[in-house]
Amino acid sequence: GATSATSSGDDTITMGFSQVGAESGWRTANTKSVQDSAKNAGVTLKFSDAQQKQENQIKALRSFIQQKVDIIAFSPVVESGWDTVLQEAKRANIPVILTDRAVDSKDTTLYKTFLGSDFVEEGKKAGQWLVEEYKSSTDPVNIVELQGTTGSAPANDRKAGFLEVVGADPKFKIIATQTGDFTRAKGKEVMEAFLKSNPDIDVLYAHNDDMGLGAIEAIEGAGKVPGKDIKIITVDAVKDGMQALADGKINFIVECSPLLGPQLMDLAKKVLKGEQVPPRVVTEETTFTQEQAKEVLSTRQY
Amino acid sequence: MRRLLWPLVILALLLLVNVVFTPNFLSIQMRDGHLYGSLIDILRFGAPLMLVSLGMTLVIATGGIDLSVGSVVAISGALACLQISQDAGVAWAVALALGLSVLLGAWNGFLVATVGIQPIIATLILMVAGRGLAQLITDGQIITIVNPAYKLIGGGYLLAVPFGILLVLAVLAVTAFLVRRLALGLLIEAVGGNAEASRLAGVRSKGIIIVVYAFAALCAGLAGLMISSNVSSADGNNAGLWIELDAILAVVIGGTSLLGGRFSLGGTILGALIIQTLTTTIYSIGVPPETTLLFKALVVTVVCLIQSPAFRAKVLGRRRRPPAPGPVPGEKVRVSA
Amino acid sequence: MSGKTESLTGPILLMRGIGKQFPGVVALDGVDFRLLPGEVHALMGENGAGKSTLIKVLTGVYEIDAGTIELSGQQVAFSSPLAAQQAGISTVYQEVNLCTNLSVAENIFIGREPRRRGRIDWKRMRARASELLAGLGIDLDVSTPLSSHSLAVQQMVAIARAVDIEARVLILDEPTSSLDAGEVEQLFDVMRALKAQGIAILFVSHFLDQIYEIADRMTILRNGRLVGEYLTRELPQVELVAKMIGQVLADLEKLHGEARAFDEPLVQAQALGRAGAVEPFTLTIHEGEVVGLAGLLGSGRTEAARLLFGADHATGGQVVYGGEPAALRSPRAAMQRKIAFLSEDRKRDGLVPELTVRENIILALQATRGWTRPVPREQQDKLVAKYIAALKISPAHPEIPVRNLSGGNQQKVLLARWLILEPRLLILDEPTRGIDVGAKAEIQRLVVELSDGGVAVLFISAELEEVLRLSHKVGVLRDRRLVAVLPNDDELTTEALMETIARGGAR
Amino acid sequence: MSIATLPKATAATLTNPRYVPVLVTFGLFLAMFVAGGLRYEGFFSGQIILNAFIDNAFLLVVAVGMTFVILTGGIDLSVGSVVALSTMIAASLMAGPGWPPYVVVPLVLLIGATLGAVMGFIIHVFEIQPFIVTLAGMFLARGLCYTIGTDSIKIDDPTFTAFAQTQIDLFAGLWISPSVLIALAVVAVGAYVLHYTRLGRSVYAVGGSEQSALLMGLSVGRTKIAVYTISGFCSALGGVLLSFYMLSGYGLHAVGMELDAIAAVVIGGTLLTGGSGLLIGTVLGVLVLHLIQTIISFEGTLSSWWTKIFIGLLLFVFILLQRVFSMRRPRRSP
Ligand SMILES: Nc1ncnc2c1ncn2[C@@H]1O[C@H](COP(=O)(O)OP(=O)(O)OP(=O)(O)O)[C@@H](O)[C@H]1O
Ligand SMILES: Nc1ncnc2c1ncn2[C@@H]1O[C@H](COP(=O)(O)OP(=O)(O)OP(=O)(O)O)[C@@H](O)[C@H]1O
Ligand SMILES: [Mg+2]
Ligand SMILES: [Mg+2]
């Protein structure tokens, strides 16, 4: 545990936090959570928005080092390419916490801990529900997939995890897959096209709630009943998604919680006090069926 | 219109590809009392792009460019949905959103015409800041609304026809009236063709440029309403992202030069349709997401090659004529006295 | 056959059966042309006869549709002006085709800059450019951008560039259209020197006097067809004109403007000036009066005219219009007071090349009405048809892009643009630039007609005869200062005027 | 005009209208830097300036290529994608078959230059607007990235990483990366080419008036193909520098970098219509963009949206002042 080489001798902690961007509601909820809990925990937060660019994040980290913050936290845009700047941080004795996503550096001393979700796991959970749902049927199951932004980590991993599970059984067939850029509008547009070119769709797997919500509109427009004629699985569990789940329009949601703030502040304090922290803290995430959704709907924060 | 021939050919080719993959692609049915089918989808989803491209056409005709339309799309949708979510009337929300759009457009025009900033930078400012403004309005979240009246704009039907299509037709008619019946078109083309000559001919180019940017923003604002109404929600982060690129592409495919001057509204509409058809084609023939861009690159290249008279002349036949044989030997050069 | 100048070596350039079509226009039809070493050969013809096109097909700007071109006995087909240049043909095209964003020196040397150890030797380039221009009687800072110089200077720069290129054939397409007598003489000196070195020179001009001064031989085109080739000294001027326009031109009647008294001052410039452009000047123009402006190249005539039109902001003084001070903040403000301005540089300040002839003609009229009140189409067609006929614009088709017109016809289109406004003060800056003899007489007659109808005209021309023929009084500028305003009485001859210009004071 | 002649700048050059925009830009940049220094603790350090170069070496190189293109009146939208493609090719060749960097890097540069040359060829020979051709190029390069792979690929070639992590210490604890030297070298070579070679001058001529340049006997085609080749090469080199910076190849690298590069060029006083502008202006443009970012990250309290609004605002203020201070324009140029 390093004590920070801080210039500010006072006891308030200054944290530099580099966020990926504000590309989705999920992300902004994540930002808000970090900002709010920093305030509650009395941590001075230096916030920087990288607008989805890794180079901006690296620049932000550099500038945090320059500003001699006590601790750095960031959600890496991608896994690779952090070694150089993390080494600089290490040289400057500034501890680093990763949130939301890990980096693939061999040198694990470059960061103290990683706090976040596991996108592959999320994809697997979605797949497992599907396998469970259709375990008694022998008919082929036609699946269409709405992917996230091409090349983005959640899209890659949620796709891979899902495929790993359903790929084991040949009756599951992914008949169409296309990117919906994580947005409702694209989700609707792509689904409309899917519906026209593929008459028999049994299941829709969307990499986030928003695309699923857009697709629901398309399905309704085509005169089908979402949740019945076409089963829908999504990831995230934002409020609108949970509402749709409770209304029976979505069948299953894998939670991916953006509310990392409080945990992050705790970890930061521990790290700065020199306490031992586990190398990996996975956020507590669950899955929701329609019944569960109805129960928890009123208590959801975002 | 000879100029529209090649874009039309390309559009037809794209549709043909679809028919090969999806035989009933061209069929249009009545479902739940409204028209239903892939062609309708193309028009419906292409509507916002057509609107934005119409405005962009006029801006480009003046020799400018507007990068901020995407942000205006987001702002307009966000503001309208915010108002509606706070129980404001739909008419008021729409008016407010469009009013703000026009204001933002006029601001662009002011920077270009009066302050004299290069259009790309002037509108880049609003492109960046406007996206922030949209997120500020939505607080970075997606505002979901339930409002049948608002839903009509982008997702509803009037007399079985998607309302968005009617809206585009109306805007197209108004634009065509302004530029071809009234003299706006001539003055725009004059400013874009030779700004100094137009000034010396007494054209009030500043006013025209401001009007044109305001009009482009109005179109973008309308498109923003359409997009948000279609999915009953406002997404300040993503609505209209990169639409400026598609719009410029549509204008260029439609045969309008980025250098300004002559423009073609019909060409632009065709250009937008080509882009939307291409998008739909990608979805329906199952191009994998990883190769989508390669496919797009291919089509765009083919489109611009086919459109280029130089290409048609040099490659698709009509080779250079061999030099004609000389005059009959012995014939003297005429030298009269 | 008369072949005194026929050299033994035969023609350096031989074009046979040249044909060139543009959509809807046959620009050249079976034209033969030859050029001998050491001669100055004039290419003559009306506006739109095909002179520039012949030059352009020769130098690889356009491809030919039919015919052959031989250079020194070898058949050639240039793919670009560069290729022609490399084969020893140096050309000044009709409109000034230079890069105004570059410096004067660079415009002369670009593509063949003097280099030292692989890098451009800027110092030597500037020195040589200054030298070259000095040889043409021009003295200016060659490192300034070309855009800061008047059209006439630009034309001299283009000439300097062309004559400096090592060439066997020099082509000059209307190089003198905006030059005044002094510059023309300088140019002719250079041409004579080159001729003496055996260089063949192709020269195009609508000034017959110049042709008879410099050309040994001429080829006449009409409507894209060859009329014939003649020795200059064997073809009287009247006959030349007859061959060019296909009919005998009625003798130019004396249009001489007389100094006379006018009662109604229409426009008064009072100590009007602009720092760095024109010194404050005072000038009164009455209704129905034609005021000529004379001066050397760069003397500030254009600048003065622009101030009267509000094209530039004056830094001092005022314009009084119809007895009341008028703030001419923009051309538009001037146009509202019925002032019209035909600019000298049609390419930069006049034409909108993509637009059609009709659109270019009605542009100013439409601009005064604003975009909400379109000129009704029938009215447009009527007006346009009227002026196409009156000015003999050819091809007489209103719906072709104006860029496809020949230079002289473009000039007529611009004139039409201003005439339909029915101005009360018409400022004409080099209105006859590039206009053929027939049309020039037409335009001069027009000016007289207008003035008889009470229109005031400010007439600027490099051709002093023309100024004298039309003006009631003549303002003389020198070094950007109005040095004299002379009544056009019997004592005012071109010589007297020239002397005033040179001396820079009143008689 | 070029870096090389700048030290010799005399009073006469300072008042030359050609240099006014650049000088104004430089003045404003300094003013902004001082303002930042007064406002934020730790801002006023030499390393901040050096970081501007370290963090933007790749953008600088890309912007140099873009300057060439814009000077001819063209535009190159493909640069960002070509950068990404270069990182991707480099990373996949080093990670997969384990090719050594001294083979991979030249190969990447060659690919970039070829791509550029092909686009330039199409633009010139088929007379198609650069916007649309380079847009197709942009789709193509990005698409190729995804066909290579959608995940980010780590680069762990020892030579490559060693070079990437080299720090060249200057004095007083200041340091730069080798990429900075490469970028500065590119700027210097670019400035030399623009100012002292025929190619450079015909770039300006073509931008001033393509038609005139043609009639003056310049080889317009060669010039146009050359600038797109240069831009392609610079993008590839930018990609290599970016892989030094990131030590990874990724299809989503450098998204929207074309806009940054264009913005930098135009902020630096180059006219988008072509024919006028200086490379040193582009350097300033890159620095200004970086400074805006740095100020925002030092401010550190802005939410994502206020960040964007602030960037827009700072950009606006900067452009406005730049306009106001370099108002003295030649009379007749519209
Ligand atoms: N690019 C073009 N496209 C179509 N028509 C053209 C083009 N260039 C010239 N023409 C036509 O060809 C004919 C000959 O034009 P050209 O410019 O050779 O005339 P010119 O003899 O040089 O006349 P001027 O004395 O007015 O310069 C004209 O009728 C003109 O309209
Ligand atoms: N933008 C400018 N900046 C600086 N000087 C200029 C500019 N434009 C013109 N000048 C100079 O102003 C002087 C007057 O030019 P003007 O065009 O009025 O001359 P002119 O009398 O019309 O002669 P001509 O047209 O025959 O050259 C010239 O020396 C010219 O070089
Ligand atoms: Mg001509
Ligand atoms: Mg003049």
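Every chain is numbered from 1, with letters handed out A, B, ... down the list of sequences.
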Derivation and outcome, side chain to side chain donor-acceptor pair (under 3.5 Å), residues Thr144(B) and Arg184(A): CA-CA 11 Å; Thr144(B) 306; Arg184(A) 263 186 223 193; 3.2 Å; yes

Apply the test side-chain contact (heavy atoms from CB on, under 4.5 Å) to residues Phe21(B) and Thr281(B): give CA-CA distance (whole Å), side-chain angles for both, the deciding distance (0.1 Å), then the verdict. CA-CA 9 Å; Phe21(B) 277 84; Thr281(B) 310; over 6 Å; no

With the threshold set at 4.0 Å, does a side-chain nitrogen-carboxylate oxygen contact exist between Asp41(B) and Arg44(B)? yes

Is a donor on one side and an acceptor on the other found under 3.5 Å between the side chain of [X] and the backbone of [Y]?
X         : Y         : answer
Asn30(A)  : Trp26(A)  : no
Asn147(B) : Tyr150(B) : yes
Asn251(A) : Ile233(A) : no

With only heavy atoms counted, which part of [X] is less than 4.5 Å from chain B, the side chain, the backbone, both or neither?
X         : value
Thr150(A) : side chain
Gln147(A) : side chain
Asp181(A) : neither
Ala22(A)  : both
Gln178(A) : both
Ala222(A) : both

Part of [X] within contact of chain A (heavy atom distance under 4.5 Å):
X         : result
Ser228(B) : neither
Ser284(B) : both
Asp235(B) : side chain
Ile282(B) : both

Name the option with the most non-hydrogen atom pairs under 4.5 Å to chain A; the candidates are Leu241(B), Ile285(B), Thr280(B), Asn230(B). Asn230(B)

When rounded to the nearest 0.5 Å, the distance separating CD1 of Ile58(A) from CZ of Phe74(A) is 8.5 Å

Residue among Lys188(A), Glu189(A), Lys186(A), Arg27(A) with most heavy-atom pairs under 4.5 Å to chain B: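 Of the options given, most contacts go to Glu189(A).
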
So for atom NZ, which belongs to Lys171(A), do other residues, nucleotides or ligands contribute more than 12 heavy atoms lying within a distance under 6.0 Å?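 More than 12 heavy atoms, drawn from other residues, nucleotides or ligands, come within 6.0 Å of this atom.
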
